[in-house]
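Chain naming here is simple, since letters A, B, ... match the order of the sequence lines and numbering starts at 1 in each.
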Amino acid sequence: MRIATFNINGIGSRLPALREWLEETQPDVACLQELKAPQERFPEAAINEAGYQALWIGQKSWNGVAILARGTTPVEVRRGLPGDDADEQSRYLEAAIDGVLVACLYLPNGNPSPGPKFDYKLAWFERLITHAEGLLASGAPVVLAGDFNAIPTELDVYKPERWVTDALFRPETRDAFHRLMAQGWTDALRSMHPDERIFTFWDYFRDAYGRDAGLRIDHLLLSPMLAGALTAANVDRDVRGREKPSDHAPTWIELDMTKIAR
DNA sequence: ATGTCTACGTCTCGTAGA
């Protein structure tokens with residue numbers, strides 16, 4: 001089973017690129033972030049034509065997440081991250097697909113920091129940590145997939161010293177990420193490539209992709225049962241180099257489902 | 001400080017978010 005996460009940065013303008021990538025790589029599950037489209041403007045027909053059923057939460061202008069499943073219907077488990085009824089940003093969706101609980105998330109960027117946006121990011125992160133604890137305790141096979149807007153370590157950024165005051169790399173952000181990991185999650189990319197510099201994002205400025213000035217901020221975190229079934233993980237890096245690309249590249253894992261207890 | 005891309009509203013440019 002292949003599960004991918006891809007911040008597409010606008011499903012409207014990126015639909016051709018999305019369909020091309022889906023056709024090429026045929027992930028069983030695709031978690032998308034930054035739809036940047038209201039609920040009614042999600043291109044459901046085109047997604048269905050590509051062979052996928054979808055759940056999504058839209059929002060005008062910003063945010064928005066979706067879970068696509070190939071040849072099957074994802075069963076909605078949760079819409080929105082618990083812990084703050086006043087939070088109206090579309091950033092979290094959970095679905096069950098073939099016995100796997102898939103959480104698709106888009107953690108707030110948090111810049112500029114310090115400030116209210118950074119406070120919102122940290123509060124959102126704490127809500128995620130609380131909810132993730134419950135998911136792990138359930139014993140279910142779970143993957144937390146998405147754009148975490150968090151650079152875990154110095155190995156995950158081309159030039160760490162330039163990013164120390166950025167919301168993606170500030171000590172508070174790294175601390176939250178590491179406390180989440182300490183619950184018992186496995187960082188799939190890092191576990192398959194312990195010492196390699198692997199990026200999932202290159203910003204649009206100053207030819208960042210051409211210079212390979214990237215960040216690793218899109219993650220797939222696995223519960224113990226899924227970690228034992230992990231056979232491959234990587235980034236479809238070339239997608240970032242195509243026409244009208246997202247600033248993120250798709251990131252994916254491969255699971256051997258025969259190794260998952262049912 | 002800069003750079004690039006997107007969506008929206010003030011609507012074919014300016015602004016904000018990333």
Side-chain angles (χ1 to χ4, degrees), chain A residues 5-21 31-44 46 56-66 81 87-93 104-125 128 145-152 156-170 172-174 176-177 199-219 235-251:
Chain A
T5 181
F6 187 12
N7 179 322
I8 54 171
N9 192 12
I11 196 159
S13 51
R14 236 59 88 174
L15 188 56
L18 173 64
R19 288 194 64 165
E20 186 178 47
W21 168 72
C31 296
L32 307 179
Q33 301 86 32
E34 281 205 83
L35 302 178
K36 293 186 173 176
Q39 189 69 14
E40 63 277 12
R41 218 177 297 167
F42 182 85
E44 186 177 22
W56 68 95
I57 319 181
Q59 183 178 331
K60 193 167 125 184
S61 305
W62 320 118
N63 309 319
V65 291
L81 185 64
D87 184 0
E88 297 190 337
Q89 300 192 23
S90 298
R91 295 180 175 277
Y92 189 88
L93 187 60
C104 174
L105 64 98
Y106 175 46
L107 215 136
N109 176 295
N111 280 305
S113 69
K117 290 186 175 178
F118 191 57
D119 295 342
Y120 173 67
K121 174 182 195 151
L122 294 180
W124 205 96
F125 221 142
L128 178 64
D147 176 358
F148 284 68
N149 270 312
I151 301 166
D156 302 308
V157 46
Y158 66 101
K159 198 171 273 197
E161 63 275 18
R162 287 240 178 125
W163 288 80
V164 287
T165 60
D166 190 281
L168 279 61
F169 196 51
R170 281 182 65 105
E172 299 92 327
T173 304
R174 275 182 276 172
F177 188 85
F199 300 138
T200 66
F201 166 93
W202 298 260
D203 83 31
Y204 291 122
F205 307 157
R206 293 159 301 196
D207 190 30
Y209 183 67
R211 296 184 295 119
D212 198 24
L215 312 174
R216 192 174 71 95
I217 55 177
D218 300 274
H219 307 298
V235 177
D236 292 328
R237 193 193 147 89
D238 63 296
V239 171
R240 177 62 179 84
R242 296 181 184 175
E243 282 294 299
K244 283 188 55 127
S246 166
D247 39 6
H248 296 249
T251 306

>> Do I217(A) and F148(A) have side chains that approach each other closer than 4.5 Å (heavy atoms only, starting at C-beta)?
In response: no

> From the list dC8(B), dA16(B), dG3(B), which nucleotide is the closest neighbour of the side chain of W62(A)?
Replying inline: dA16(B)

> For R14(A) and dC5(B), is the shortest distance between a side-chain N/O and OP1 or OP2 below 4.0 Å?
Replying inline: no

> Of the nucleotides dT6(B), dA18(B), dC5(B), which one has an atom closest to the side chain of Y204(A)?
Replying inline: dC5(B)

> Over how many whole Å does the gap from L35(A) atom CG to dA18(B) atom P extend?
Replying inline: 15 Å

> Could you state the OH-C1' distance from Y106(A) to dA18(B), rounded to the nearest angstrom?
Replying inline: 6 Å

>> What's the closest nucleotide to the side chain of K117(A) if the choices are dC8(B), dA18(B), dG3(B)?
In response: dA18(B)

> With respect to the phosphate group of dC5(B), does any side-chain polar atom (N or O) of K36(A) fall under 4.0 Å of OP1 or OP2?
Replying inline: no

>> Can you measure K121(A) atom NZ to dG17(B) atom P for me and round it to whole angstrom units?
In response: 16 Å

> Under 4.0 Å between a Lys/Arg side-chain N and an Asp/Glu carboxylate O for R242(A) and D236(A)?
Replying inline: no

>> I need the CZ-P distance between R211(A) and dT2(B), as an integer number of Å.
In response: 17 Å

> Counting side-chain heavy atoms from C-beta on, which of dG3(B), dT6(B), dC8(B) comes nearest to F205(A)?
Replying inline: dG3(B)

> Can you tell me if the side-chain N/O atoms of K60(A) get under 4.0 Å from OP1 or OP2 in dG9(B)?
Replying inline: yes

> Can you tell me how far P of dA18(B) sits from CG of D166(A), to the nearest Å?
Replying inline: 12 Å

> Hey, does the side-chain of R206(A) have a donor or acceptor N/O within less than 3.5 Å of a partner on the base of dT2(B)?
Replying inline: yes

> Just to confirm, is there a sub-4.0 Å distance from OP1 or OP2 of dA1(B) to any side-chain nitrogen or oxygen of R162(A)?
Replying inline: no

> For the side chain of E34(A), counting heavy atoms from C-beta on, which of dT6(B), dA7(B), dA18(B) is nearest?
Replying inline: dA18(B)

>> Just the rounded figure in Å: distance from P of dA18(B) to CG of N109(A).
In response: 5 Å

> Which is it for N109(A) and K121(A) under the side-chain hydrogen bond (donor to acceptor under 3.5 Å, both in side chains) test, yes or no, and what are the steps along the way?
Replying inline: CA-CA 7 Å; N109(A) 176 295; K121(A) 174 182 195 151; 5.7 Å; no

> Is any side-chain N or O of S61(A) closer than 4.0 Å to OP1 or OP2 of dT6(B)?
Replying inline: no

